[in-house]
Amino acid sequence: MATQKRRFKAEIAGKTYTIIGPGTPEHFKATTALLNQQLEQIKALAPELSLQDAAVLLAFNAVSDRVKEAASEANQAQEDK
């Protein structure tokens, strides 16, 4: 059974994007809010950064967190054997 995809208009850093995916409106709203909050934090710490550079740093942080999660899950699976 295919997952139903939804369209969601997200305002990120003052620009509107249409997001298409299987998430709920609540998920999209929470993700948008967190993304905007983290962008604001990066810009507050380094106001000289362009929005593009801040977005790249935010993406790097998100991927880094996912890599840590995957390593932790792999370690846990290895310990469970």
Side-chain angles (χ1 to χ4, degrees):
M1 176 186 269
T3 303
Q4 180 184 8
K5 292 188 178 182
R6 294 180 170 86
R7 298 174 84 80
F8 178 79
K9 291 203 184 279
E11 187 171 320
I12 301 167
K15 185 173 178 183
T16 302
Y17 296 87
T18 299
I19 310 297
I20 300 171
T24 64
E26 293 79 18
H27 171 81
F28 288 136
K29 286 177 187 174
T31 302
T32 300
L34 183 58
L35 193 147
N36 279 314
Q37 177 187 27
Q38 291 180 356
L39 274 174
E40 288 174 15
Q41 288 174 343
I42 290 170
K43 289 293 287 175
L45 291 170
E48 74 282 358
L49 287 179
S50 69
L51 180 57
Q52 182 178 359
D53 288 340
V56 168
L57 289 176
L58 179 57
F60 183 90
N61 289 340
V63 172
S64 176
D65 289 347
R66 184 60 193 119
V67 169
K68 285 179 194 175
E69 276 180 26
S72 178
E73 289 169 6
N75 287 339
Q76 186 62 44
Q78 191 67 22
E79 289 174 9
D80 291 345
K81 285 186 177 182

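The structure presented is a predicted model; accordingly, all values stated were derived computationally and were not measured. The first residue of the sequence shown is numbered 1, and numbering continues consecutively from there.
To the nearest 0.5 angstrom, His27 atom NE2 is 8.5 Å from Thr32 atom OG1. How far NZ of Lys5 is from CD1 of Ile20: 8.0 Å, rounded to the nearest 0.5 Å. Atom CG of Leu58 and atom CD of Gln37 lie 11.0 Å apart (nearest 0.5 Å). Distance check: Asn61 CG to Ile42 CD1 gives 5.5 Å after rounding to the nearest 0.5 Å.
Distance alone, capped at 3.5 Å, places no donor-acceptor pair between the Asp53 side chain and the Glu48 backbone. Judged purely by atom type and a 3.5 angstrom limit, Ser72 has no side-chain atom pairing as donor or acceptor with the backbone of Lys68.
For the residue pair Asp80 / Gln76, a side-chain donor-acceptor distance below 3.5 Å is found, with atom types taken as modelled.
In this structure, Pro22 and Arg6 approach most closely via the heavy-atom pair O-NH1, 3.6 Å. Across all non-hydrogen atoms, the minimal contact from Leu39 to Ala13 is CD1-CB, 4.1 Å.
Among residues two or more places apart in sequence or in another chain, the salt bridge (Lys or Arg N to Asp or Glu O under 4.0 Å) test is passed with Glu69 by Arg66.
Hydrophobic clustering, with ILVMFWY side chains joined whenever heavy atoms are under 4.5 angstrom apart, keeps Leu49 apart from Val56.
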